[in-house]
Every structure is written in C-alpha cells, then in structure tokens.
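Everything on this sheet refers to the single structure shown next.
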Amino acid sequence: MKLNRIAAGLVALTTALTLSACGGNSEGQASATQSFAEGTTMAKLAEAGTITIGTKFDQPLFGLAGPDGTPEGFDVEIGKLIAGELGISSDKIKWVETVSQNREPFIQNGQVDIVVATYTINDKRKEVVDFAGPYYIAGQSFLVPKGNPMNITGPDSLGDNVICTVTGSTSEKNVREYTDKVITVDKYSDCLEPIRTGEAKALTTDNVILAGLVSQNGDEFEVTDGTFTSEPYGIGLAKGDDEFRAFINDTLEASYSDGRWAKAWESTAGTVLPTPEPPAVDRY
Ligand code: GLU
C-alpha cells in the first residue's frame, strides 16, 4: 500500500519525457537513448520528432543544396549529429536557407531551432543569440583569379582594388578595417561573377568557404596563403536557453571522442581539406 503510493507519487513526479529511440547509426538514423526534462527545448523537439535547422545553401563543403534541394556539407552533418541525439533522423530535419545577415533574426523569431552555418561566435552576436561550440575554427582570407593578377596577398596589400564580401558577416566588418573599397552581396557565391567581370578583384571570407568555392570552379580561382582573423564556428540558438546550449555542447564533446565529428569532417570538408583537431567547446 505504502509502496503503491510511493510508486504513484513517482509517476506523477516523473513528468519528464523519456525518449528511447531505436538504436541508430552514423548514417543519420535517430540514435538517442536519453531522457529530457519536461519543458526543455530538447523534450519539445524530441516529442515533435522534427527540428528546423538554418544553414547555408551555396557553400560547397559546409552547406550546399544538392539536386533535390537538401543541403550537404560539414555544417549539415553537425546538424544531423544534434538531431540524432534528440532521436530525430535526418529525413525528419527541416532545412532552411539562412544567409549571413538573417541568422540572428531567424533565431530570435523562432523561424529556426538552431543555426549551423559557418557562424562565427562573437560578443556582438551574443547580445541577441547564444552559441554552443565552437566545433571548428576558420580564418579569413582572399579568393582571387588563378595567377593572382593584382598580387593580393593579405589585408595589407589590397591597394585600390574593390573587394567583394557578404552583408552582415564578420568578413565584411574585418575587411573594412583595411579598406573602404568594398561591395557586398547576400551570398558568397554572388561574388564570383563580379570577379569574373573585373568589377571586384577578390572575394574575402573564411578560408574554408573560399576553398569550397575554388574546388567547385575548376581552375578559375585560388585562395591566398594565410589568414588574418580567427573565426570560431558556433551553433546559434535562442538566447537564454542554457539547457539546450549545454545539451548541444555535450553532444559536440561526445562526437569528438567517439569519432562522429571526425567522420562528419572526412566525408565533407575533409575531401579537400586536412582533418584538424576539434576545438575545445566554450561553456561561457
Ligand atoms: N564566419 C563568418 C561569419 O559568421 C563569415 C562566414 C559567413 O558569413 O557565414 O560572419
């Protein structure tokens, strides 16, 4: 009798959603065997069985829309890892294209649950969103026509050359410290045509984005050596959702130690770039 009452009390108390999805694998199957406390974002997403993820659609190696519109790349694989820990398989993820300047508003408005989109963690952005990670550290560089006709070797050798970059990116802010001859567009791929026509002489952003664009365009372009900034890539989420941030950080760390992170890299960006060491997550 007493035992029964305790048991009943426990059932009432244990309102936490227990998720016990089927055993998964690294091919994007649901793999969660976790319980999430009721009311948390994790419980809501697990219960809904779907997650909306913002990523880039025009960046080879990190996020590039494939023939059926589904994006592919390292950011996409990171998104799948997080979804998998929530028991959500890849085919249940809703992918939304985010460009650099709409990432914070999309998170703030709830149009996406997370953003995984070559998204640099910085204090300005942290005023309105939070970040898990970093899960990779890039650095800013320049893409120029093959042979580098204007001899652009870094931010100190830009001269009067017009440089193309993307509105609302750290790339724009950083390069403006060296020149005011800057044109901006919505997406990095939109800078390639101005370089072909001569309207711009270089595109500047993170080296890995540039490497992807070079790899996609045969022998047309090259990336200059070296980087002049540090761009820690984070997973953007709603400001103040500390439990969700801790969960994503835990997921990243687990993927570092069990090889899922390395596998995600090797199957995407790693086809062109060397495999780095995963960076330490920053639980600020
Ligand atoms: N990582 C930089 C940023 O978050 C440049 C790349 C991008 O715009 O996605 O702004």
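Both counts, for ligands and for their atoms, begin at 1 and track the order of listing. Hydrogens, waters and symmetry mates play no part in the numbers below; they use all other heavy atoms, side chains included.
- Atoms of ligand 1 found under 4.0 Å from any heavy atom of Y119, numbered from 1 in the order shown, are 4 (O).
- When only interatomic distances are considered, the shortest N/O to N/O separation between R103 and ligand 1 falls below 3.5 Å.
- Between F244 and F36, the ring center distance fails the sub-6.0 Å criterion.
- Distance alone, capped at 3.5 Å, is enough to place a donor-acceptor pair between the Y256 side chain and the P279 backbone.
- Atoms of ligand 1 found under 4.0 Å from any heavy atom of S169 (numbered from 1 in listed order, with element): 8 (O), 10 (O).
- Checked against the 6.0 Å centroid criterion, the rings of F57 and W95 do not qualify as a close aromatic pair.
- Near K56, meaning under 4.0 Å from any of its heavy atoms, are these atoms of ligand 1: 7 (C), 8 (O), 9 (O).
- Those atoms of ligand 1 with a heavy atom of S100 less than 4.0 angstrom away are 7 (C), 8 (O), 9 (O).
- Here T120 has heavy atoms under 4.0 Å from ligand 1 in both its backbone and its side chain.
- Considering each of Q140, K173, R125, E231, the one bringing a non-hydrogen atom nearest atom 4 (O) of ligand 1 is R125.
- With no hydrogens or angles considered, a side-chain donor-acceptor pair links T41 and D241 at under 3.5 Å.
- On a distance-only criterion, T118 and ligand 1 share at least one N/O pair closer than 3.5 Å.
- Near T205, meaning under 4.0 Å from any of its heavy atoms, are these atoms of ligand 1: 5 (C), 6 (C).
- Here the shortest heavy-atom pairing between F74 and A269 reads CB-CB, 4.4 Å.
- For the pair R196 and F221, the cation does not sit on the ring face, since its NZ or CZ is not both under 6.0 Å from the ring centre and inside 45° of the axis.
- Distances shorter than 4.0 angstrom do not occur between any heavy atom of E172 and any atom of ligand 1.
- Heavy atoms of V166 come nearer than 4.0 angstrom to ligand 1 in no pair at all.
- Near S171, with a cut-off below 4.0 Å to any heavy atom, the atoms of ligand 1 are 5 (C).
- Counting heavy atoms closer than 4.0 Å to ligand 1, residue A138 contributes nothing at all.
- Listed by atom number, the atoms of ligand 1 under 4.0 Å from Y233 heavy atoms are 1 (N).
- Taking the centre of each ring, Y119 and F131 come in below the 6.0 Å mark.
- For atom 2 (C) of ligand 1, the nearest protein heavy atom (residue, atom name, distance) is T170 OG1, 3.1 Å.
- Heavy-atom proximity to A117, at under 4.0 Å, picks out these atoms of ligand 1: 9 (O).
- Panel note: side chain R103, backbone A117; a donor-acceptor pair is recorded below 3.5 Å.
- In this structure, T98 contributes its side chain and T55 its backbone to a donor-acceptor pair below 3.5 Å.
- N217 places no side-chain N or O within donor-acceptor distance of the main-chain N or O of E220, the cut-off being under 3.5 Å.
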